Amino acid sequence: LDFDGYLSLMASTSLQQRLQEDSSSDQPNFQHVFDLFDADGKGFISVEDLRRVALELGENDMTMDELQEMVDRARSRKTGKVTLKEFSKMMTLNLFQKADEEGDGAKNSH
């Protein structure tokens, strides 16, 4: 499972449903999803948090290097931590990309 596949998994699981249930505006609120990763409320997602969630989702074969790469790709600063702002940006980009892909598929089928 690569980074993009992992993001797709996150966008298509019950996390997506929880996000939609909580959204009262046009802007998605990723705080609840972020909180699932940041279970201890420290304000950021670490590699260890990502590993815990991956294991909870049954992704037992991901290496720490792969998880670190995901954190590296998501963060804009070299802190080793993903903030809510960075997480929201990453998830928004992934959701738009997924919507574009689904739209392109519909156009090509006509």
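Since the model is a prediction, treat every value here as computed from it, not as a measurement.
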Working note: Arg51 + Met64, criterion side chain to side chain contact (heavy atoms under 4.5 Å, CB included); need CA distance, chi angles, decisive distance, verdict. CA-CA 8 Å; Arg51 179 168 174 74; Met64 289 303 281; 3.3 Å; yes

Kindly write out the residues that satisfy ring-ring contact (aromatic ring centres under 6.0 Å, His included) with Phe34, not counting sequence neighbours, or none if the list is empty.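 For Phe34 the ring-ring contact (aromatic ring centres under 6.0 Å, His included) partners, ignoring immediate neighbours, are Phe87.
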
List the atom of Ala74, the atom of Met90, and the distance in Å for their closest heavy-atom pair.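 So the minimum-distance heavy-atom pair works out to CB-SD, 3.4 Å.
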
Contacts of type side chain to side chain contact (heavy atoms under 4.5 Å, CB included), residue Asp40, not counting sequence neighbours: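 Expected list: Asp38, Lys42.
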
Pairwise distance CG(Leu50) to CD(Glu69) - rounded to 0.5 angstrom: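 Rounded to the nearest 0.5 Å, the CG-CD separation comes to 11.5 Å.
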
Quick one: CE on Met91 to CG on Leu84, what's the gap to the nearest 0.5 Å?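 Those atoms lie 11.5 Å apart.
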
List the residues meeting salt bridge (Lys or Arg N to Asp or Glu O under 4.0 Å) with Asp65, not counting sequence neighbours, and say none if there are none.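 If we apply the salt bridge (Lys or Arg N to Asp or Glu O under 4.0 Å) test to Asp65, skipping adjacent residues, there are no hits.
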
What's the verdict on side chain to side chain contact (heavy atoms under 4.5 Å, CB included) for Glu59 and Asp61, showing C-alpha distance, side-chain angles and the deciding distance? CA-CA 6 Å; Glu59 292 297 331; Asp61 58 345; 3.7 Å; yes

Look at the side-chain heavy atoms of Ile, Leu, Val, Met, Phe, Trp and Tyr, link any pair under 4.5 Å apart, and say whether Phe30 and Phe44 land in one connected group.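 Each belongs to a different hydrophobic cluster.
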
Using a strict 4.0 Å threshold on nitrogen-to-oxygen distance, state whether Glu56 and Arg52 make a salt bridge.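 Yes, this pair counts.
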
